[in-house]
Amino acid sequence: MRYSKEHKQETHDRIVRRASVKLREKGAHGIGVADLMKDAGLTHGGFYAHFASREALVIEAFSYAMDRSTERWRKLAEDLPPEQRLAVLVDGYLSAGHRDDPGRGCAVPALGAEIARESPKTRKAFAAKLDQMIDMIATEYVGSSPKAARKRAIATLATLMGTVVLARIAGSGELSDDILAAGRAAALADVGAAPPKRPARAGATKPKKTAVKAAARTAAHD
């Protein structure tokens, strides 16, 4: 049976979505092509109708995951006042929920160490997405020059990633919670250097705390 181009694209996208979750859960080499296809509800034999190689699927899957993270952060920024954005992003990223659910979390702490050992092509694709994340975070440092904002964004992302990796290593107990708390404090240590809060406009209302908490919960998750 021949399928339409639309059907083939939908199937391709489904494989990528499911693979992005499984790769973050199991690691780049923790699950085989047969299992990835089975998880997407397809047979192993159909793999090469969609991808030239396993590497091609890995690149698409983690690119999808990183694009999702960046897009969530952008939407988060649109829904919050400038002075709250970075803190909410950090709280969501360094949360117990993100720590305990790598399959739906950021691809950087989940796959970064493995990708560093992959082919130059894979590392280049990962680095390009990483660069986009850095640029997005840099926009939150409004009071800094572009160069300084980028440096601060790199340091922030490195702190976030390292904290999640250490917290996952420690499990879900007191030590892990302490690591998350220390990471939050470090990531926000220089927030005081950011521009002062703008005075509220006449008739303006502050965002409800429940809305801020909800935003934090979704900051790092699909």
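Position 1 is the first residue of the sequence; numbering continues from there. Hydrogens, waters and symmetry mates are skipped; everything else that's a heavy atom, side chains included, is used.
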Salt bridge (charged side-chain N to carboxylate O under 4.0 Å, His left out) involving [X] - partner list, sequence neighbours excluded:
X: E71; answer: none
X: D135; answer: R150
X: D178; answer: none
X: D35; answer: none

**OP:** May I have all residue pairs that pass salt bridge (Lys or Arg N to Asp or Glu O under 4.0 Å) and include part of residues 47-64, sequence neighbours excluded?
**Re:** none
Subject >> Flag side-chain contact, heavy atom, 4.5 Å: K22 against E25 >> reply: yes
Identify each donor-acceptor pair in which a side-chain atom of residues 163-175 lies under 3.5 Å from a protein atom, sequence neighbours left out, and give them as a table.
| from | atom 1 | to | atom 2 | distance (Å) |
| --- | --- | --- | --- | --- |
| T163 | OG1 | T159 | O | 2.7 |
| R168 | NE | R99 | O | 3.1 |
| R168 | NH2 | H98 | O | 2.9 |

Original post:
Do T156 and R152 have side-chain atoms, one donor and one acceptor, less than 3.5 Å apart?
Top reply: no
Checking [X] now: which residues fulfil side-chain contact (heavy atoms from CB on, under 4.5 Å) with it, not counting sequence neighbours?
X: R14; answer: T11, R17, R18, L42
X: E118; answer: A28, H29, I115, T122
X: A182; answer: none

Subject >> K75 bridged to E78 by N-O distance under 4.0 Å >> reply: no
Subject >> side-chain contact (heavy atoms from CB on, under 4.5 Å) between R184 and L180, worked out >> reply: CA-CA 6 Å; R184 282 193 292 270; L180 291 177; 3.9 Å; yes
Subject >> Partners passing ring pair (Phe, Tyr, Trp, His ring centres under 6.0 Å) against F51 (at least two apart in sequence or in another chain) >> reply: H12, F47
